[in-house]
Amino acid sequence: MARVRTKSTEPEIVLRRAIWIRGFRYRLHPKIPGRPDFVFTRTRIAVFVDGCFWHGCPRHGTLPATNRQFWQLKMARNVARDRRVNAQLAAAGWQVVRIWEHQIEQNLDRTVRKVLKILERPSA
Ligand SMILES: [Zn+2]
């Protein structure tokens, strides 16, 4: 399980450090629905880095061969919770940005640019 935990937290740190060094300041794990990984309070942008396995990434959210029903239920619950959190945050005026961990692992620069583009929108 240590491996799973490491994989799900590291990409988040990699992403936020890359954003920090570009001069953007955020708050970590605020007490709002879903506890986003980090938020930009002034522009009300909440960023989640979703683990491919736990959040059912279409490319990497493959279920283990054993205990399929258990995993299916667990992942369906996670996905449903993510949707609920998105709706709660949107209702409270937050813009939700969800990043798959594989996006950070495969192309950090592109992922950082994606977040910065949202941050730099005139409406933000
Ligand atoms: Zn993935």
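Atom set for the values below is all heavy atoms of this structure, side chains included, hydrogens, waters and symmetry mates excluded. Just follow the structure's listing: the first ligand is 1, and inside any ligand the first atom is 1.
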Polar protein atoms near the Zn ion (ligand 1) [N, O or S; cut-off under 2.8 Å]: Cys52 SG, Cys57 SG, His60 ND1, His102 ND1
Modelled atom types, side-chain donor and acceptor of Asn78 and Arg81, under 3.5 Å: yes
same_hphob_cluster(Phe48, Val115) at 4.5 Å side-chain heavy-atom cutoff: no
Parallel, tilted or perpendicular, as decided by the 30° and 60° cut-offs, for the rings of His102 and Trp100: parallel
Geometric class of the Trp71/Phe53 ring pair [parallel <30°, tilted 30-60°, perpendicular >60°]: perpendicular
Pairs touching residues 13-30 that satisfy side chain to side chain donor-acceptor pair (under 3.5 Å), sequence neighbours left out: Glu12-Arg16
Val47 and Val97, any side-chain heavy atoms less than 4.5 Å apart: yes
